[in-house]
There are 2 protein chains.
Amino acid sequence: MDQKVTIKEVAELAGVSKSTVSRYLNHGYISTEKQERVRAAIEQTGFQSNFFAKRLKTKESKLIGIVLPRMDSVTVGKLLAGISRVLEPAGYQGILLVSQLSGRKELENIRNLQQQGVDGILVDSVGITEEHVKISQEGNIPILYTGQKNDKVPFVKIDDEAAGRMMGAYLREMGHKHAVFAGVTEQDTAVGVDRKRGFIDAFKAGRFGAKVDFVETGFDFLSAYNQAEDVLRCKASVVVGATDNISLGILRYIHERGIRVPEEISVAGFGGYEVGAVVYPALTTVAFDYELVGMKAAQYMLNLLRDEPVQENMEMPLFFVERESVRNLKRDYEKEKPGSMNGLA
Amino acid sequence: MDQKVTIKEVAELAGVSKSTVSRYLNHGYISTEKQERVRAAIEQTGFQSNFFAKRLKTKESKLIGIVLPRMDSVTVGKLLAGISRVLEPAGYQGILLVSQLSGRKELENIRNLQQQGVDGILVDSVGITEEHVKISQEGNIPILYTGQKNDKVPFVKIDDEAAGRMMGAYLREMGHKHAVFAGVTEQDTAVGVDRKRGFIDAFKAGRFGAKVDFVETGFDFLSAYNQAEDVLRCKASVVVGATDNISLGILRYIHERGIRVPEEISVAGFGGYEVGAVVYPALTTVAFDYELVGMKAAQYMLNLLRDEPVQENMEMPLFFVERESVRNLKRDYEKEKPGSMNGLA
DNA sequence: CTGTTAGCGCATTCAG
DNA sequence: CTGAATGCGCTAACAG
């Protein structure tokens with residue numbers, strides 16, 4: 001509450017001027033003798049410099065606003081872990097705001113943060129609208145996006161289309177000709193549009209007879225589970241969930257029906273969540289390193305803040321994690337050796 | 001970066017004094033006529049009051065420090081969701097610091113936050129040491145703990161011992177006489193000591209012949225998976241993981257060995273994570289409402305800040321979630337009807 | 001190398 | 001009801 005001891009008292013106790021103490025605190029020319037006196041005085045008083053007074057002068061808050069769509073998701077957790085991993089060592093701290101998956105709230109949060117005097121804002125967006133672009137350009141602090149893309153603003157994200165293509169190419173390689181894509185609304189440009197398009201393109205790519213059905217679900221287990229019947233009705237040889245959660249929900253339904261995976265039907269997903277390795281059979285997936293995305297984003301932000309040149313369009317690496325849930329239709333299915341917890345470590 | 005327009009310019013444009021503008025902004029006596037002029041001037045200039053100057057005067061930051069052991073965990077995510085849900089409406093924002101599961105880093109973060117001038121600190125602790133108690137008492141801002149308990153400091157947490165007892169009583173009711181508890185280090189008072197003790201007490205509770213073996217694992221899937229062989233060697237009728245993740249890791253191992261659950265062995269856990277409902281068979285567990293814990297903690301903090309009376313020792317409700325992974329040894333095993341995704345909704 | 005002098009932008013006395 | 005004056009605690013010229 002009350003910040004009792006100030007720089008002034010330290011100065012008096014040490015028998016020097018306030019400026020000398022300030023110099024000691026910062027980058028100062030100060031004789032070793034006085035240096036010692038000041039040090040002692042600070043220790044004795046337990047002095048701590050007042051954050052706000054300091055910021056009022058320096059015009060720097062060392063605070064980065066972070067706007068998240070929600071908190072209780074693995075993805076967001078990883079992202080945050082990455083962000084704080086590079087922000088903290090640089091002396092920055094994060095202020096957190098949650099948008100409850102609402103674009104309106106997201107904008108509100110950004111405005112709020114701008115007003116709070118943070119040095120920059122990182123937004124894990126649910127969708128970058130014209131309003132976002134406007135607000136980004138009008139403000140005088142850098143705003144960096146992730147999760148979604150828009151060429152009018154700086155962003156860092158995984159290449160959803162490439163991820164889709166990776167999966168499409170793999171399933172094709174495995175001899176699948178008919179897939180059903182259990183995806184999300186097209187409102188979500190990243191997951192609902194790009195990822196799906198990449199998949200379809202690579203899966204079909206000039207093959208006659210290759211077919212991809214589509215079933216729309218939400219992002220959570222339950223919603224996917226509820227659509228599973230529709231998904232199975234497509235009679236495809238493989239089910240591709242737009243996220244691992246979707247695949248897991250469908251997998252659950254398949255288990256309940258006593259259908260064997262991958263012998264009778266294959267399942268694959270996107271995300272590389274750890275749980276995908278512990279379900280049985282373990283889920284084949286395209287893994288994203290969200291922690292790395294967080295780190296890159298934070299680094300990008302630091303560059304922006306320091307007016308350093310930034311490397312645009314960073315490529316986020318994707319890992320294909322081949323586990324047990326997809327059958328190779330081209331050659332005999334080679335049974336995974338038990339005892340190895342594939343891809344978990 | 002640069003906060004161009006200040007209260008002074010607004011005042012000039014409106015033809016009033018700075019103080020009048022300040023009054024307008026806060027709680028001020030101001031004539032309706034000037035009120036309008038000031039409003040217009042603010043709108044025209046796009047004025048935003050300087051956060052730091054304001055805080056320097058008022059001695060309130062409206063910032064709450066939040067210290068977390070890690071970011072990438074479902075538990076932490078839920079907790080944060082709950083916290084921000086009550087903090088935001090109250091006009092507070094959270095500053096986030098991560099301790100990387102280190103007690104030393106945790107203390108460092110607390111000190112850091114104290115210095116930053118936050119109004120209060122919420123700590124999801126890995127263990128409350130004497131040092132924590134000291135630092136809490138010396139500082140002049142409230143520090144509230146969760147995750148662990150210590151009667152010398154304020155805390156809000158779930159009742160781990162009660163959770164353990166709940167599970168012990170249930171398994172006993174199901175006719176189990178020999179359990180193996182796959183738990184974590186006793187360093188963790190909450191999970192490693194209290195939860196286990198509660199379980200053992202209720203499971204045995206004056207029964208002759210009831211037996212509980214113990215195998216130590218880490219918190220993650222993989223570590224549990226690696227200890228699974230030891231766990232199975234106990235030949236117990238039920239495996240109880242100290243957390244759902246532990247149970248899931250062991251479940252995976254059991255699946256790989258082709259052992260049927262719950263026909264041949266039962267498995268149960270603690271936490272109530274959503275994934276427990278999508279694995280097959282769905283995991284019976286004691287569910288904690290971490291979001292509620294977060295909300296309670298935040299409310300407690302608000303009370304502390306306002307010097308309002310606080311309700312000590314809040315009881316966090318526990319939910320027993322009976323799903324499919326535990327066999328009732330007393331009566332015939334009643335097959336779960338397929339088609340209902342138990343406990344997920 | 002060091003003390004003195006000015007503000008940073010705002011809220012708040014204090015006289016009107 | 002309102003303006004002028006003061007200072008929150010600190011940093012950054014400025015002359016020594």
Side-chain angles (χ1 to χ4, degrees), chain A residues 1-42 45-63 91 114-119 140-141, chain B residues 1-42 45-63 91 114-119 140-141:
Chain A
M1 235 84 226
D2 43 1
Q3 190 95 24
K4 291 182 306 249
V5 35
T6 80
I7 204 174
K8 189 180 159 198
E9 307 175 48
V10 174
E12 280 166 7
L13 207 148
V16 300
S17 74
K18 294 192 306 181
S19 358
T20 304
V21 178
S22 177
R23 280 194 200 91
Y24 172 85
L25 260 16
N26 303 301
H27 43 271
Y29 268 169
I30 173 170
S31 66
T32 36
E33 177 220 359
K34 302 212 166 182
Q35 197 166 308
E36 174 51 29
R37 297 221 310 264
V38 173
R39 199 203 50 69
I42 287 180
T45 56
F47 164 81
Q48 301 179 165
S49 81
N50 182 300
F51 181 74
F52 301 104
K54 184 168 191 161
R55 296 325 179 202
L56 177 56
K57 280 300 288 187
T58 61
K59 310 283 194 196
E60 262 203 341
S61 66
K62 288 289 184 180
L63 253 26
Q114 284 182 144
Q115 194 169 128
Q116 304 297 304
V118 298
D119 292 345
N140 35 28
I141 58 171
Chain B
M1 235 88 228
D2 43 359
Q3 190 94 26
K4 291 184 304 252
V5 35
T6 80
I7 203 174
K8 189 179 160 199
E9 307 175 48
V10 174
E12 280 166 7
L13 207 148
V16 299
S17 74
K18 295 192 306 181
S19 352
T20 305
V21 179
S22 176
R23 280 193 200 92
Y24 171 85
L25 259 16
N26 303 300
H27 45 271
Y29 269 169
I30 172 168
S31 66
T32 35
E33 178 221 356
K34 303 210 166 180
Q35 199 166 308
E36 174 52 29
R37 297 223 307 266
V38 173
R39 199 203 49 69
I42 287 181
T45 55
F47 165 80
Q48 302 180 166
S49 80
N50 182 299
F51 181 74
F52 300 103
K54 183 167 193 161
R55 295 325 179 201
L56 177 57
K57 284 297 288 186
T58 62
K59 312 283 195 192
E60 262 203 341
S61 67
K62 288 289 185 179
L63 253 26
Q114 284 182 143
Q115 195 170 128
Q116 305 295 304
V118 297
D119 292 345
N140 36 26
I141 59 170

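In what follows, chains carry the letters A, B, and so on, assigned in the order in which the sequence lines appear, proteins first and then strands, with residues in each chain numbered from 1.
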Using whole Å, report how far [atom1] of [X] lies from [atom2] of [N].
{"X": "B/Y24", "N": "C/dA11", "atom1": "OH", "atom2": "C1'", "answer": "17 Å"}
{"X": "B/E9", "N": "C/dC8", "atom1": "CD", "atom2": "C1'", "answer": "13 Å"}
{"X": "A/L25", "N": "D/dG9", "atom1": "CG", "atom2": "P", "answer": "15 Å"}
{"X": "B/K57", "N": "C/dA11", "atom1": "NZ", "atom2": "C1'", "answer": "5 Å"}
{"X": "A/R37", "N": "C/dC1", "atom1": "CZ", "atom2": "C1'", "answer": "13 Å"}
{"X": "A/K8", "N": "C/dT5", "atom1": "NZ", "atom2": "P", "answer": "14 Å"}
{"X": "A/F51", "N": "D/dT11", "atom1": "CZ", "atom2": "P", "answer": "12 Å"}
{"X": "A/F52", "N": "D/dT11", "atom1": "CZ", "atom2": "P", "answer": "14 Å"}

Heavy atoms only, 4.0 Å cut-off, all strands: where does [X] land among base, sugar-phosphate and nothing?
{"X": "A/K18", "result": "base"}
{"X": "B/R55", "result": "nothing"}
{"X": "A/F47", "result": "sugar-phosphate"}
{"X": "B/V16", "result": "sugar-phosphate"}
{"X": "A/K54", "result": "sugar-phosphate"}
{"X": "A/L56", "result": "base"}

Per nearest nucleotide of DNA chain D, the residue lying toward the 5' end, A/S22 or B/T20, is B/T20

Presence of [X] side-chain N/O under 4.0 Å of [N] phosphate oxygens OP1/OP2:
{"X": "B/K34", "N": "D/dG3", "value": "yes"}
{"X": "A/N50", "N": "D/dC10", "value": "no"}
{"X": "A/S17", "N": "C/dG3", "value": "yes"}
{"X": "A/S31", "N": "C/dT2", "value": "yes"}
{"X": "B/K59", "N": "C/dA11", "value": "no"}

Any donor-acceptor pair, under 3.5 Å, between the side chain of B/S19 and the base of C/dA11, if you only look at N and O atoms?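 Such a pair does not exist between side chain and base.
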
If we ignore angles and hydrogens, is there a donor and acceptor under 3.5 Å between the side chains of A/T20 and A/S17? yes

By the definition side-chain contact (heavy atoms from CB on, under 4.5 Å), identify the one residue from B/E36, B/Q35, B/R37 that meets it with B/E33.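 When side-chain contact (heavy atoms from CB on, under 4.5 Å) is applied between B/E33 and each of B/E36, B/Q35, B/R37, only B/R37 qualifies.
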
Single hit among B/V16, B/T6, B/L13, B/N26 for side-chain contact (heavy atoms from CB on, under 4.5 Å) with B/V21: B/V16

Can you check whether B/V10 reaches B/Y24 side chain to side chain, under 4.5 Å on heavy atoms?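 Result no, sub-4.5 Å side-chain heavy-atom pair not found.
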
B/R23 has a side chain; which of D/dT2, D/dT11, C/dG9 sits nearest to it? D/dT2

For the side chain of A/T58, starting at C-beta, report the closest nucleotide among D/dT11, D/dC10, C/dG9. D/dT11

Would you name the heavy atoms of A/A14 and A/A41 that are closest together and state the gap between them?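 The answer is CB-CB, 3.9 Å.
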
Sidechain-backbone polar pair: A/S22 side chain, A/K18 backbone, donor-acceptor under 3.5 Å: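 No.
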
